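Contents: one structure, followed by commentary.
Quick note on labels: first sequence line is chain A, next is B, and so on, each numbered from 1. Small disclaimer: the values here were computed from a predicted structure and weren't measured.
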Amino acid sequence: GAVVSQHPSRVICKSGTSVKIECRSLDFQATTMFWYRQFPKQSLMLMATSNEGSKATYEQGVEKDKFLINHASLTLSTLTVTSAHPEDSSFYICSANKVEDTQYFGPGTRLTVL
Amino acid sequence: QQQVKQSPQSLIVQKGGISIINCAYENTAFDYFPWYQQFPGKGPALLIAIRPDVSEKKEGRFTISFNKSAKQFSLHIMDSQPGDSATYFCAASFYTGTASKLTFGTGTRLQVTL
């Protein structure tokens, strides 16, 4: 199998607070993990690529100081949304590479910022 | 050149019918073409994938047809069932040596009616 989990599945927070989302590959080691954002009825937008032990690579237009990514081990990556605002409300999804180019996705995290 | 164009945007098919979704790309460096299925509020799930050295791949009721010269590929769902009602995304990637970043199509919302 290739199972990727995310925690939490839903989070509601107040504007100005920070939120951390965890992404774990449960039954395989992932050299690379990816973070996506998805707006309602839209496609997935890649935010950043992270490799274990190195700094994440952010896509153009994504604020690296707002979306902090840490890839602490071959099975865990975290996304921290700092000083969240209502416009950060979205569906955040992570994925992990099992073999070269096959990405397996987590179930997603619904973030609502009040 | 990084775009993947997907059509139709939405599709209604009767139970037992064939659902066909098409995608086209420009970047000839792409060498991996997966299809993902996504249900509301869930992460995308890998359905089937193909590489450009084959023209067709079949897994159960799902078939990918690939036309390298036309830079097009399509998903066929045979004997479509109500449980197939979901959003389908095509994608394309190439391996850079450190990571393969997926470029997604815009998605097709499939509804299978009784």
Side-chain angles (χ1 to χ4, degrees), chain A residues 1-7 9-10 21 23-25 30-60 62 71 77 90-112, chain B residues 1-11 21 23 25 27 29-53 57 59 64 85-111:
Chain A
V3 181
V4 177
S5 70
Q6 276 184 246
H7 178 79
S9 58
R10 287 179 174 270
I21 303 169
C23 175
R24 293 180 184 272
S25 56
T31 52
T32 307
M33 288 184 166
F34 304 84
W35 287 95
Y36 294 83
R37 184 173 181 177
Q38 188 177 35
F39 292 104
K41 298 183 181 180
Q42 292 191 23
S43 189
L44 287 80
M45 182 188 77
L46 179 65
M47 298 175 65
T49 303
S50 75
N51 291 291
E52 185 259 341
S54 60
K55 288 185 178 180
T57 303
Y58 291 82
E59 294 300 301
Q60 194 171 9
V62 177
H71 196 150
S77 177
S90 193
F91 193 50
Y92 292 89
I93 315 172
C94 71
S95 71
N97 268 141
K98 184 176 181 180
V99 292
E100 284 181 5
D101 39 24
T102 304
Q103 286 187 32
Y104 294 91
F105 285 81
T109 296
R110 173 77 57 194
L111 170 64
T112 303
Chain B
Q1 196 170 12
Q2 285 294 101
Q3 281 186 326
V4 177
K5 296 182 180 179
Q6 184 172 347
S7 63
Q9 188 173 4
S10 63
L11 182 61
I21 305 170
C23 285
Y25 64 96
N27 189 347
F30 287 141
D31 61 3
Y32 176 70
F33 302 88
W35 284 88
Y36 287 88
Q37 177 190 58
Q38 186 179 31
F39 292 103
K42 306 294 183 183
L46 179 65
L47 262 181
I48 186 172
I50 198 168
R51 295 193 184 278
D53 53 347
K57 183 174 181 180
E59 288 184 3
I64 299 180
S85 297
T87 299
Y88 293 80
F89 292 96
C90 64
S93 73
F94 63 92
Y95 186 63
T96 65
T98 54
S100 285
K101 291 196 290 187
L102 286 171
T103 299
F104 279 90
T106 49
T108 296
R109 300 185 77 186
L110 171 65
Q111 182 181 353

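- For chain A, the nearby part of B:Ser93 is the side chain; its heavy atoms alone come within less than 4.5 Å.
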List the steps and the verdict of side-chain contact (heavy atoms from CB on, under 4.5 Å) for B:Tyr36 and A:Gln103. CA-CA 10 Å; B:Tyr36 287 88; A:Gln103 286 187 32; 3.7 Å; yes
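- For A:Gln42, the part lying near chain B is the backbone, with the side chain staying farther off; criterion is any non-hydrogen pair under 4.5 Å.
- Using a 4.5 Å heavy-atom threshold, the side chains of A:Phe105 and B:Leu46 count as separate.
- Annotation: the span from B:Lys42 atom NZ to A:Ser9 atom OG amounts to 8.5 Å, rounded to 0.5 Å.
- Looking at A:Ser43, its side chain never comes within 3.5 Å of a backbone N or O of B:Gly107 through a donor-acceptor pair.
- How far CG of A:Asn97 is from NZ of B:Lys101: 12.5 Å, rounded to the nearest 0.5 Å.
- At a 4.5 Å heavy-atom cutoff, the contact between B:Gln38 and chain A is made by side-chain atoms alone.
- Annotation: B:Glu59, atom CD; neighbour count of heavy atoms from other residues, nucleotides and ligands within 6.0 Å is above 12.
- For B:Pro34, no part lies under 4.5 angstrom from a heavy atom of chain A.
- Of the residues considered (A:Arg110, A:Gln38, A:Arg10, A:Gln6), A:Gln38 shows the highest number of contacts with chain B, using heavy-atom pairs under 4.5 Å.
- Both the backbone and the side chain of B:Leu102 come within less than 4.5 Å of a heavy atom of chain A.
- Interface check for chain A: of the options B:Ala49, B:Gly41, B:Pro40, the most heavy-atom pairs under 4.5 Å are formed by B:Gly41.
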